[in-house]
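Here's the structure we're looking at; comments come further down.
Computed from a prediction, not measured in an experiment: that's the story for all the values here. We name chains A, B, ... by the order of the sequence lines, and we start the count at 1 in each one.
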2 protein chains.
Amino acid sequence: MPNTKKTPKNIRSKGRPRCFDRDKALFAALEVFWQRGYEPASISELCKAMGINAPSLYATFGNKAKLFLEAATFYEETYWDAPGKKFMAEPDIYKAIGDFFAESARILLSPDTPCGCMVVLAAVNISEDAQEIADAIRQLRLATKDMFAARIRQGIEDGQLPQDTDVASMAGAFNAMLEGLSIQARDGLSQSQLEKVAQYAIHILPDKIV
Amino acid sequence: MPNTKKTPKNIRSKGRPRCFDRDKALFAALEVFWQRGYEPASISELCKAMGINAPSLYATFGNKAKLFLEAATFYEETYWDAPGKKFMAEPDIYKAIGDFFAESARILLSPDTPCGCMVVLAAVNISEDAQEIADAIRQLRLATKDMFAARIRQGIEDGQLPQDTDVASMAGAFNAMLEGLSIQARDGLSQSQLEKVAQYAIHILPDKIV
DNA sequence: AGATTTTTGTAGCATCTGCCACAAAATTAT
DNA sequence: ATAATTTTGTGGCAGATGCTACAAAAATCT
């Protein structure tokens with residue numbers, strides 16, 4: 001039975017040791033999926049980027065779908081966990097939104113990675129027999145919207161937003177803004193331009209009463 | 001030489017007449033591309049939807065790429081030409097934005113068509129050897145942003161917006177909002193929810209001085 | 001040393017893809 | 001009628017896809 005365990009590698013007792021780094025291979029796969037999307041990323045391209053052959057890929061990650069989902073989770077943890085926590089922890093909701101969208105613009109156009117958010121862009125054009133992939137990634141997008149909603153509710157509780165704020169709609173507006181930024185990032189906007197666009201997210205909040 | 005002409009059909013003199021309606025077939029293809037995206041829409045599925053066989057498709061439309069581009073043009077003309085013209089003609093920019101985004105939400109979730117905008121969603125995950133498709137569709141997205149920019153400039157000229165308005169950034173913000181709406185439309189938001197979200201686009205404008 | 005276990009690379013499977021060759025069919029021109 | 005022209009459906013090509021069978025290789029366990 002092949003060893004599909006993640007880091008730290010399980011305590012092996014017998015067998016030929018794996019001769020590549022599972023995490024590095026996962027990250028290489030992530031970059032391919034991120035840039036191309038789920039279906040255009042072929043197993044052969046993935047193998048090339050990961051520096052392994054197909055049987056090693058399948059023994060280690062199961063299949064293409066599982067590899068993609070693991071890469072997506074890895075992506076979220078690596079790039080969005082910290083900004084998300086900071087966003088939830090910042091007590092001033094105006095600063096929370098401003099900072100989060102500023103940092104988002106930076107992440108979406110980081111020179112070291114593909115442009116735009118993998119969760120938004122990598123599973124849009126999906127054939128019928130891979131809907132499980134589309135559904136799983138959609139859940140991640142909905143989780144982001146839920147994060148916005150939770151922070152808005154906190155803002156209401158803190159007296160920074162009106163009691164009658166329509167939480168779902170406002171969360172949807174922030175989510176639309178963020179998702180739209182990904183598309184513009186991929187469409188070639190400059191980092192400085194994207195940051196300026198992102199700052200319009202603050203306007204979704206009611207005017208701050210100083 | 002096959003007849004690839006569009007409607008009205010060119011004056012035929014000889015040859016077996018085509019036994020399907022070119023425009024209806026194009027519309028059927030549009031719906032498949034719209035729902036699935038460029039690459040997941042297979043020739044066989046397109047043929048089934050269009051009610052013709054592959055040789056007829058190729059004789060009439062050239063190849064898959066040309067069919068897609070023609071469908072995309074047809075899409076824009078059919079669904080967005082009128083709202084765009086109304087948007088540009090409305091003298092009050094606040095009403096122009098409000099009406100345009102309200103109507104957009106309706107179009108993006110029309111019960112008779114796939115959810116979301118074809119221009120935003122149908123050419124996201126594209127393999128390397130079909131970049132011409134991605135580029136062409138990107139141009140359509142940029143044209144929408146240019147439309148926003150032109151309307152904003154008009155608003156400045158009309159004294160409805162400050163002289164120092166950053167046109168490019170504000171146009172980018174409207175564009176991000178609109179593109180984000182497409183993703184949320186596909187993610188299952190209800191029509192009434194999407195309309196509420198869309199109305200936050202007005203907040204991108206400075207507060208109206210009544 | 002020998003048995004056991006796991007990973008490795010080669011090589012190839014079945015299936016799907018976009019596309020087209022070909023001949024029969026259906027029309028108009030002479 | 002016959003020739004000319006265009007569209008039709010059948011059938012299939014070359015190449016790519018996700019995935020796997022298989023045996024050699026490399027480690028540990030007894």
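- In this structure, the nucleotide among dA21(C), dA26(D), dT27(C) sitting nearest to the side chain of Pro17(A) is dA26(D).
- Ranking dA24(D), dT8(D), dG18(D) by closeness to the Lys64(A) side chain, first place goes to dG18(D).
- Straight-line distance from the CD1 atom of Ile126(B) to the P atom of dG18(C): 12 Å, rounded to whole Å.
- When distances run from any side-chain atom of Ser44(B) to the nucleotides dT17(C), dT10(C), dG18(D), the shortest one goes to dT17(C).
- A straight line from CD1 of Ile52(B) to C1' of dC19(C) spans 14 Å, rounded to a whole angstrom.
- Side-chain polar atoms of Ser127(A) and Glu39(A) form a donor-acceptor pair below 3.5 angstrom.
- The CG atom of Asn3(B) sits 14 Å away from the C1' atom of dT27(C) (whole-angstrom rounding).
- Using bins of under 30°, 30° to 60° and over 60° for the plane-to-plane angle, the ring pair Phe100(B)/Trp80(B) lands in the tilted bin.
- Taking the ring centroids of Tyr200(B) and Phe174(A), they lie at or beyond the 6.0 Å cut-off.
- For Gln139(A) and Asp135(A), the side-chain atoms include no donor-acceptor pair closer than 3.5 Å.
- For Tyr58(A) and dT20(D), the shortest distance from a side-chain N or O to OP1 or OP2 is not below 4.0 Å.
- Contact annotation for Ala54(B): base contact, defined as any heavy-atom pair under 4.0 Å involving a base atom.
- With rounding to whole Å, Lys14(B) atom NZ is found 16 Å from dT2(D) atom P.
- Across all strands, Ala41(B) comes closer than 4.0 Å only to sugar-phosphate atoms, never to a base (heavy-atom distances).
- Look at CZ on Phe68(A): it is 13 Å from P on dG18(D), rounded to the nearest Å.
- An OP1 or OP2 oxygen of dT7(D) is reached within less than 4.0 angstrom by no side-chain nitrogen or oxygen of Ser56(B).
- Rounded to an integer number of Å, the gap from CZ of Arg18(B) to C1' of dT5(D) is 14 Å.
- Residue Cys19(B) places its side chain closer to dT8(D) than to any other of dT10(C), dT8(D), dT17(C).
- Which of dA24(D), dA24(C), dC19(D) sits closest to the side chain of Asn63(A) comes down to dC19(D).
- Summarising the geometry, the separation between CD on Glu39(B) and P on dT17(D) is reported as 10 Å, rounded to the nearest angstrom.
- One interatomic measurement links the two molecules: OH of Tyr38(B) to C1' of dG18(C), which rounds to 9 Å at whole-angstrom precision.
- In summary, of the residues considered (Val197(B), Ile204(B), Leu181(B)), a side-chain contact (heavy atoms from CB on, under 4.5 Å) with Phe101(B) occurs for Leu181(B) alone.
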